[in-house]
Amino acid sequence: MDNDERLPEGSPPKRPPSKGSLPGFRDFYPEDLARRSAIFRAWRAVARRYSFVEYDGPPLEPLDLYTQKSGDEIVTQLYSFEDKGGRQVSLRPEMTPTFARMVAARANALPKPVRWFSLPQLFRYERAQRGRLREHFQLNVDIVGEPSELADAELLCVAIDIMRELGLGPDDVRAKVSDRRLLNELLAAIGVSEGQLGAVYGVLDKVARQPHDVSREKLEAAGLVPNQVERIMALPDVATMDDLERDFGHVAAVKPALERFGRYLGHLHALGVTAWVDIDLSIVRGLAYYTGTVFELFDAKGELRAICGGGRYDNLLAALGGVDLPALGFGMGDVVLGELLKAHGLFDDVVTEGPEFWVVSTVHNEPATVLSTAAALRRMGYAAEYVLNEEKLRTQKSAAQIKAAERAGAQWLVIFRDDTHAEVRPLSREKGEEHREWPVIALQDLQDPERGYAALAAAGVPAARDD
RNA sequence: GUGGCUGUAGCUCAGCUGGUUAGAGCACCGGACUGUGGCUCCGGGGGUCGCGGGUUCAAUCCCCGUCAGCCACCCCA
């Protein structure tokens, strides 16, 4: 191994040529994209079912859109650079600033409530690990202009219905709900001061992931007395409205927030999702801008990161876009969701789609007949394939072509009797059908769509999909 | 950004205290079963053993670095 070093002294170490994709970025092979598309379909289907409309914005934004309003931590993780025009730009790490700008620009013209959703690809420069990449797709669903808790209930219902749409149930996924206004009143009743709120939020957020001793120490360090510490540590155990009534019902100042939370839960009941929902006052959400209801969706086993999180942010549009409108929304990423679906086997039968037809060349027909038949089928809106090799089209045995059709995932075979007639049979046939007679169609009929559809329908072929 | 573990074919993995041309299964491509299918058989392509350096007569194996992946922090989407 004595390859001579020709690099001059002191030159920087050469980075090996990059092979795969960049760290934290994904290649979507057809089977991967099929799974991604299944998620996208569910997102769009449910969002539309609730009458949300889709929008999008630029994936690249001015850097200051994020540096001005977002936290310091986000700024260190921006995928930012200077473009050739000398502008400081960043790939979008979240959709909300773009959404706020777009809504603000037409705030007066938009009918309220605004119900918009988007499927942006978002970017963050940070260490990649399971469930967390440098890039992901995130469904964003937002409602603007509606202050009542009916909107809060509807929003959570969208997230839950997506779980249903994907085949998950309340035994698989739990929705944990809380309300910051309520929590603030509860903490005030306990005697927590405004200045101590941040520390208490921090402890509550981590109560499940951090030893209770550590939590208690942090609360004491914030200046809370033992009695207060115990009452705060008891908050995550609250599971029902009755618990809340029992512990805080006598405090007059808490009552309005309590009643509002009760109405929220009542709406969720009427919408039929109560079986999915748990009260969990330790859900505060990391982002500081939430002002009302907050929720997160988790896998029931608690093995994965949060699937989805959101809530009400009534002051954010004023801060970000300059219009003072109440708003709420959630984000749901494709990465954790995909892992959950995979773990439940719900991706097993998601495959790339094969063609409806495979046209099989035989000794009885001219190769040109294969092409014209496929062309006719395609004009009718079907996907049609045949062996794409001239030599094989002339000489390959039908058996080999049928094998190829099977591998390609075709549904129907067209097998020529001669240059004017062909048999149409399903590729997957039942046992005992090996010698069955299959319908024969006249190729002439395929040249006219109406007669073509009739002929194929007679052979049992459904109409072409129009998507 | 910090720490720990891992890195052999497209995938899942073998590779016996360092010793000739690094193997298997699956997948892929081709052929046979004398031209209408799922079986079976035969053959083939594919690996700078992540990359770079060091120790050694000899390194996939030992040491260092680096890159990548996973995990835990950090933080969140």
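Letters go in sequence order (proteins before strands), and every chain restarts at 1.
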To the nearest angstrom, how far is A/Tyr290 atom OH from B/C76 atom C1'? 11 Å
Distance between P atoms of B/U21 and B/G7 (Å, rounded): 24 Å
Lys/Arg-Asp/Glu bridge criterion (N-O < 4.0 Å) met for A/Arg181, A/Asp179: yes
Classify A/Gln401 by what it touches in the nucleic acid, base, sugar-phosphate, or nothing, heavy-atom distance under 4.0 Å. nothing
Judged by each residue's nearest nucleotide on RNA chain B, which is more toward the 5′ side, A/Gly131 or A/Gly331? A/Gly131
Tell me: OH of A/Tyr125 to P of B/A77, nearest whole Å? 20 Å
Would you say B/C33 has OP1 or OP2 under 4.0 Å from some side-chain N or O of A/Lys397? yes
Within the structure shown, what part of the strands sits under 4.0 Å from A/Leu133 by heavy-atom distance: base, sugar-phosphate, or nothing? base
Quick one: label A/Ser361 by what it contacts on the DNA or RNA (base, sugar-phosphate, nothing), any heavy atom closer than 4.0 Å. base
Side chain A/Ser282, main chain A/Pro236, donor-acceptor under 3.5 Å: no
What's the closest nucleotide to the A/Arg124 side chain, out of B/G37, B/C76, B/C75? B/C76
Find which nucleotide of RNA chain B each of A/Arg209 and A/Arg407 is nearest to by heavy atoms, and output the residue with the more 5' nucleotide. A/Arg407
Identify whether NZ of Lys or CZ of Arg in A/Arg134 sits under 6.0 Å from the centre of the six-membered ring of A/Tyr79 and within 45° of that ring's axis. no
Determine yes or no for a side-chain-to-main-chain donor-acceptor pair under 3.5 angstrom, with A/Arg124 supplying the side chain and A/Glu135 the backbone. no
Any sub-3.5 Å donor-acceptor pair from A/Asn365's side-chain atoms to A/Thr362's backbone N or O? yes
Cation over ring, A/Arg36 on A/Phe137, under 6.0 Å and within 45°? yes
Identify whether any heavy atom of A/Leu122 sits under 4.0 Å from a base atom; if not, whether one sits that close to sugar-phosphate; answer base, sugar-phosphate or nothing. nothing
Report the distance from atom CZ of A/Arg305 to atom C1' of B/C74, rounded to the nearest whole Å. 11 Å
Separation of atom CZ in A/Phe330 from atom P in B/A77, rounded to whole Å: 15 Å
Mind checking whether A/Tyr55 and A/Phe99 have parallel, tilted or perpendicular rings, split at 30° and 60°? tilted
Test the A/Lys176-A/Phe295 pair against the cation-pi criterion, namely NZ or CZ under 6.0 angstrom from the six-membered ring centroid and within 45° of the ring axis. no
Surrounding CZ of A/Phe40 (heavy atoms of other residues, nucleotides or ligands, distance under 6.0 Å), is the total greater than 12? yes
Convert the base pairs of RNA chain B into dot-bracket notation, remembering that pairs crossing earlier ones are written with [ ] and that bases paired across to another strand are shown as |; include only Watson-Crick or G-U pairs under 3.5 Å. (((((((..((((.....[...)))).(((((.......))))).....(((((..]....))))))))))))....
So if I take every side-chain heavy atom of A/Leu413 and compare against B/G37, B/C74, B/G69, which nucleotide ends up nearest? B/G37
Just call it for A/Glu406: base, sugar-phosphate, or nothing, with non-hydrogen atoms closer than 4.0 Å on any strand. base
Once you apply a heavy-atom cut-off of 4.0 Å, does A/Pro120 come out as touching a base, just sugar-phosphate, or nothing? nothing
Separation of B/C29 P from A/Gln396 CD (nearest whole Å): 11 Å
Any base atoms under 4.0 Å from A/Gly24, or only sugar-phosphate, or nothing? Heavy atoms, all strands. sugar-phosphate
Touch check for A/Phe416, heavy atoms < 4.0 angstrom, all strands: base, sugar-phosphate only, or nothing? base
Below 4.0 Å: OP1/OP2 of B/C39 and any side-chain N or O of A/Lys403: no
Over all strands shown, is A/Ala128 touching base, sugar-phosphate only, or nothing at heavy-atom distances under 4.0 angstrom? sugar-phosphate
Sticking with atom C1', work out how far B/C61 lies from B/U6, rounded to a whole angstrom. 15 Å
Looking at A/Leu122, is its backbone amide N or carbonyl O close enough to the side chain of A/Gln138 to form a donor-acceptor pair, meaning the two atoms are under 3.5 Å apart? no
Among B/G37, B/C75, B/A77, which nucleotide has an atom closest to any side-chain atom of A/His136? B/A77
Could you tell me the separation between the CG atom of A/Asn365 and the P atom of B/U36, rounded to a whole number of Å? 14 Å
What's the gap between B/U48 and B/U8 when it is taken at their P atoms, as a whole Å value? 13 Å
Return the value, rounded to whole Å, for the distance between atom CZ of A/Arg132 and atom C1' of B/G1. 12 Å
Check: A/His421 main-chain N/O paired with A/Asp418 side-chain donor or acceptor under 3.5 Å: yes
Whole-Å gap separating P (B/U36) and NE2 (A/His364): 8 Å
Which is true for A/Glu126 with a 4.0 Å heavy-atom rule: it touches a base, it touches only sugar-phosphate, or it touches nothing? base
Polar atom pairs between nucleotides 3-7 of chain B and protein, under 3.5 Å, N or O only, would you list them?
| residue | atom | partner | partner atom | Å |
| --- | --- | --- | --- | --- |
| B/G3 | O6 | A/Arg127 | NH2 | 3.4 |

